[in-house]
Amino acid sequence: SLGNEEIRLRASTQLLNDAMLFSRLSGLNAKESMDLLVGALKQVGIAAQAASGQQENIATTFGRADEVMGTWLVAVQGGVVSLQDLAETFSITGAEALAAGLSIAELTAVATTLAESTGKSSAEVGNSVRRMLTTIQSETGIEALRKVGIAVEDINVNRMVHNHCL
């Protein structure tokens, strides 16, 4: 329908504008900026889809660029990570981290902290976050957390590993 085409056109135009802004702020060329931003936003959209059980439309997914880039801009002010670092980390682990219950701001904080404390590349940070989440959500990881006194379930026996363990 014409309405859907118009929505897709607006979303595409907004994405192009966001990618150009990302390019100016990060120093990357337009293609690299578009690739990194789309990769990160796709991860956010995948997580939203997993949480809701419904496919997210392109306008909603790409409409999250303001929130994502705004959070990243706050983080890069400390000089520890770059926009490129955060985009690369999100494109590796964003969906898994967000599906595990981390917010965009929390994943940004974890990525920034790991980069600062370890000196690892953004790819290594992304893979490290993914491994941590996989480990702490496994039965072995949950049992290990319990042994050291970390609560992994709330009173309704809902797992709450993500925020409390990172």
Side-chain angles (χ1 to χ4, degrees), residues 1-116 121-134 136-137 159-166:
S1 79
L2 186 58
N4 286 337
E5 287 178 26
E6 185 176 331
I7 290 170
R8 282 193 294 271
L9 178 62
R10 286 183 183 173
S12 297
T13 302
Q14 185 59 49
L15 177 63
L16 181 58
N17 289 334
D18 291 336
M20 295 308 295
L21 175 61
F22 187 85
S23 176
R24 282 192 303 271
L25 295 172
S26 68
L28 298 171
N29 68 42
K31 181 189 180 318
E32 290 171 321
S33 295
M34 180 66 83
D35 288 348
L36 284 172
L37 188 57
V38 167
L41 292 172
K42 278 181 157 180
Q43 291 287 307
V44 172
I46 290 167
Q49 178 180 337
S52 70
Q54 297 178 354
Q55 175 120 11
E56 188 171 82
N57 69 46
I58 190 171
T60 303
T61 298
F62 292 159
R64 297 178 193 277
D66 286 345
E67 177 187 2
V68 171
M69 287 198 315
T71 303
W72 292 350
L73 287 171
V74 171
V76 300
Q77 289 178 0
V80 175
V81 294
S82 68
L83 287 172
Q84 180 179 358
D85 292 334
L86 291 170
E88 287 175 355
T89 298
F90 264 67
S91 67
I92 293 168
T93 194
E96 188 166 353
L98 297 169
L102 294 174
S103 68
I104 291 168
E106 289 165 336
L107 177 54
T108 300
V110 168
T112 302
T113 301
L114 279 175
E116 180 178 27
S121 71
S122 52
E124 291 171 316
V125 168
N127 287 318
S128 294
V129 171
R130 189 170 42 200
R131 275 192 303 277
M132 282 190 308
L133 289 169
T134 300
I136 66 174
Q137 292 181 29
R159 289 233 169 116
M160 54 182 213
V161 172
H162 49 83
N163 294 333
H164 303 285
C165 299
L166 291 176

Between the OG atom in S33 and the NZ atom in K31, the distance rounded to the nearest 0.5 Å is 10.5 Å
Of all heavy-atom pairs between A87 and F22, which one has the smallest distance, and what is that distance? CB-CZ, 3.8 Å
Would you compute the distance between atom OG1 of T134 and atom CD of E96 and round it to the nearest 0.5 angstrom? 4.0 Å
So, taking the atom named CE in M20 and the one named CG in L15, what distance separates them when rounded to the nearest 0.5 Å? 11.5 Å
Between L37 and M69, is any pair of side-chain heavy atoms under 4.5 Å apart? yes
Hey, does the side chain of N17 reach the backbone of Q14 with a donor-acceptor pair shorter than 3.5 angstrom? no
May I have the step-by-step check of side chain to side chain donor-acceptor pair (under 3.5 Å) for S121 and E124, ending in yes or no? CA-CA 5 Å; S121 71; E124 291 171 316; 3.3 Å; yes
Roughly how far apart are D18 CG and S23 OG, rounded to 0.5 Å? 12.5 Å
What pairs with E88 under side-chain hydrogen bond (donor to acceptor under 3.5 Å, both in side chains), at least two apart in sequence or on another chain? Q84, S122
Contacts of T71 that satisfy side-chain hydrogen bond (donor to acceptor under 3.5 Å, both in side chains) - sequence neighbours left out: none
So which heavy atom on A40 is nearest to which on S91, and how close? N-CB, 4.1 Å
Output the distance between atom CG (L28) and atom CG (L83), rounded to the nearest 0.5 Å. 8.5 Å
Tightest non-hydrogen contact, residues A95 and Q43, listed as N-OE1, 2.8 Å
L86 and T112, any side-chain heavy atoms less than 4.5 Å apart: yes
Would you say L41 and R64 make side-chain contact, with heavy atoms under 4.5 Å? yes
Check the pair L107 / T93 against side-chain contact (heavy atoms from CB on, under 4.5 Å), numbers first and verdict last. CA-CA 9 Å; L107 177 54; T93 194; 4.2 Å; yes
Please report the closest heavy-atom contact between V80 and A115, naming both atoms and the distance. CG1-C, 4.4 Å
Separation between OG1 of T108 and CG of D85, rounded to the nearest 0.5 Å: 12.0 Å
Is the shortest heavy-atom distance from the side chain of V81 to the side chain of E116 under 4.5 Å? no
By the ring-ring contact (aromatic ring centres under 6.0 Å, His included) test, which pairs, at least two apart or in different chains, include something from residues 64-103? W72-F90
